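Every chain is numbered from 1 and lettered A, B, ... according to where its sequence line falls, protein lines coming before strand lines. In this text, all values refer to a predicted model and were calculated from it rather than measured experimentally.
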Protein chains: 2
Amino acid sequence: MKKTSAETIAKVECLFKSYMKEEKLRCTQKRLSVLREIYRSNTHLDADELFVRLREQGVGISRATVYHTLDLLFRYNLVTKIDLGHKHTHYEKSWGVADHLHIICLKCGKVSEATSEDLAGMMEKLCTGHGYSLGSFSLQLFGECLDKEACAQRVKEAHKEKA
Amino acid sequence: MKKTSAETIAKVECLFKSYMKEEKLRCTQKRLSVLREIYRSNTHLDADELFVRLREQGVGISRATVYHTLDLLFRYNLVTKIDLGHKHTHYEKSWGVADHLHIICLKCGKVSEATSEDLAGMMEKLCTGHGYSLGSFSLQLFGECLDKEACAQRVKEAHKEKA
DNA sequence: CTCCTTGCAAAGCCTTTGCATTTAC
DNA sequence: GTAAATGCAAAGGCTTTGCAAGGAG
């Protein structure tokens with residue numbers, strides 16, 4: 001997924017601050033550091049990866065706070081939750097990337113990213129048509145690699161790793 | 001979601017049998033009963049609901065087998081996994097319903113179903129464009145009810161239930 | 001008759017929670 | 001100063017797994 005510009009990150013932070021103010025919640029350094037790390041990253045992360053990255057950067061934060069914050073960011077549509085067919089939830093930035101989806105191979109587990117311009121508009125329409133306003137969406141396509149050879153190769157390698 | 005006709009269920013069973021044969025796996029009664037129950041149902045179920053329903057029908061089955069079977073059915077694109085923002089995964093039939101999605105209110109948790117005719121074709125194109133064949137897809141829209149009053153009412157009721 | 005499937009119970013593991021402490025405003 | 005946020009550790013709860021018994025092909 002595309003890199004997020006510094007200006008965009010600033011905008012998202014600003015947005016987050018205003019949300020917090022509205023709801024009489026607090027804009028703490030830890031919350032901001034989670035938000036920033038997600039927007040600096042160009043891929044999907046799980047809660048633990050996020051926790052580790054932040055600790056490596058010297059941010060003193062606990063898993064509990066990471067989970068709390070992710071939930072908060074999700075409720076305000078600043079991050080998306082994704083189920084990539086692994087055992088746990090992944091998260092990624094969502095503001096300014098409303099055209100983003102994942103394609104997952106059910107055989108080898110390969111994940112590709114795709115974008116579609118028409119998507120956002122379509123989702124918007126569906127939402128309003130059913131009496132909702134759209135915050136974010138989560139779209140995963142499950143299928144199989146067309147390149148059977150490379151796919152089988154990846155399956156083999158995954159087996160090796162396990163042994 | 002729409003009711004599945006008896007003929008369609010028969011088709012799906014047949015499909016499942018052929019998959020099992022191809023892969024030298026076994027088409028057991030327990031697996032069939034899970035498949036049937038999902039296709040008979042017109043809504044999303046979680047693993048435990050499925051387990052309870054089957055037991056009520058006198059099917060002697062264990063949770064372990066339910067989980068195993070769901071995973072199997074998912075890999076062969078006969079069921080879809082959905083994250084409705086609750087704590088655990090939901091499953092629903094997917095064969096013959098490739099135009100189905102959920103809209104979830106982040107405030108009150110209300111879930112609506114929607115269908116879109118263009119969706120399947122669009123997903124198909126995206127998949128092949130990225131070197132995959134499409135099996136199934138999972139699409140959730142997260143937003144907020146436009147009817148703020150009814151939404152607030154549901155939030156209130158949910159609080160009551162907890163207490 | 002062989003190998004796959006099932007079930008039980010236990011383990012695993014991500015995620016949540018209670019409560020005391022710290023901190024934003 | 002007050003209500004919210006944080007962290008720790010422990011609990012929670014869905015899901016997976018090991019292994020022995022059962023069943024499909």
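Partners of A/T69 under the side chain to side chain contact (heavy atoms under 4.5 Å, CB included) rule, at least two apart in sequence or in another chain, are A/R31, A/V34, A/T65, A/L73. B/S33 meets the side-chain hydrogen bond (donor to acceptor under 3.5 Å, both in side chains) test with no other residue; sequence neighbours excluded. Evaluation of the side-chain hydrogen bond (donor to acceptor under 3.5 Å, both in side chains) rule for B/E144 yields B/K107, B/K148 as partners, not counting sequence neighbours. Annotation: side chain to side chain contact (heavy atoms under 4.5 Å, CB included) contacts of A/H68 (sequence neighbours excluded): none. Partners of A/S5 according to the side chain to side chain contact (heavy atoms under 4.5 Å, CB included) rule, which considers only residues two or more places apart in sequence or in another chain, are A/E7, A/T8.
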List the atom pairs, donor and acceptor, that lie under 3.5 Å between side-chain atoms in residues 46-57 of chain A and the rest of the protein, sequence neighbours left out.
{"from": "A/D46", "atom 1": "OD1", "to": "A/D48", "atom 2": "N", "distance (Å)": "3.1"}
{"from": "A/D46", "atom 1": "OD1", "to": "A/E49", "atom 2": "N", "distance (Å)": "2.8"}
{"from": "A/D46", "atom 1": "OD2", "to": "A/H88", "atom 2": "NE2", "distance (Å)": "2.9"}
{"from": "A/D48", "atom 1": "OD1", "to": "A/R63", "atom 2": "NE", "distance (Å)": "2.6"}
{"from": "A/D48", "atom 1": "OD1", "to": "A/R63", "atom 2": "NH2", "distance (Å)": "2.9"}
{"from": "A/E49", "atom 1": "OE1", "to": "A/D46", "atom 2": "N", "distance (Å)": "2.9"}
{"from": "A/R53", "atom 1": "NH1", "to": "A/E37", "atom 2": "OE2", "distance (Å)": "3.3"}
{"from": "A/R55", "atom 1": "NH1", "to": "A/I61", "atom 2": "O", "distance (Å)": "2.4"}
{"from": "A/Q57", "atom 1": "OE1", "to": "A/R40", "atom 2": "NH2", "distance (Å)": "3.4"}
{"from": "A/Q57", "atom 1": "NE2", "to": "A/E37", "atom 2": "OE1", "distance (Å)": "2.7"}

Distance-only check: which donor-acceptor pairs under 3.5 Å involve side-chain atoms of residues 116-127 of chain B, not counting sequence neighbours?
none

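Recorded end-axis angle for the helix from C/dC1-D/dG25 to C/dC25-D/dG1 stands at 50°, based on five pairs per end and rounded to 10 degrees.
Atom C1' of nucleotide D/dA5 and atom CE of A/M20 are separated by 12 Å, given to the nearest angstrom. In this structure, the CG atom of B/D48 is 14 Å from the P atom of D/dT16, given to the nearest Å. Between A/L45 atom CG and C/dT15 atom C1' there is a gap of 17 Å when expressed in whole angstrom units. Separating the CZ atom of B/F51 from the P atom of D/dC14 is a distance of 13 Å, rounded to the nearest angstrom. Put simply, NZ on A/K81 is 13 Å from C1' on C/dC14, counting in whole angstrom units. The interatomic distance linking B/K17 (NZ) with D/dA24 (P) rounds to 13 Å, in whole Å. In this structure, CG of A/D83 is placed 15 Å from C1' of C/dT15, rounded to the nearest angstrom.
DNA chain C lies under 4.0 Å from at least one heavy atom of each of the following residues of residues 23-37 of chain B: B/L25, B/R26, B/T28, B/K30, B/R31. For the segment residues 56-76 of chain A, residues with any heavy atom less than 4.0 angstrom from an atom of DNA chain C are, sorted by number, A/A64, A/Y67, A/H68.
Residue pairs meeting the side chain to side chain donor-acceptor pair (under 3.5 Å) criterion with at least one member in residues 11-21 of chain B, sequence neighbours excluded, are B/E13-B/R36. For residues 115-156 of chain A, the set of pairs meeting the ring pair (Phe, Tyr, Trp, His ring centres under 6.0 Å) definition, not counting sequence neighbours, comprises A/F142-B/F74.
From B/T43, atom OG1 reaches atom OH of B/Y91 across 15.0 Å, with rounding to the nearest 0.5 Å.
Remark: side-chain polar atoms of B/Y39 are paired, donor with acceptor, to backbone N or O of B/L78 under 3.5 angstrom.
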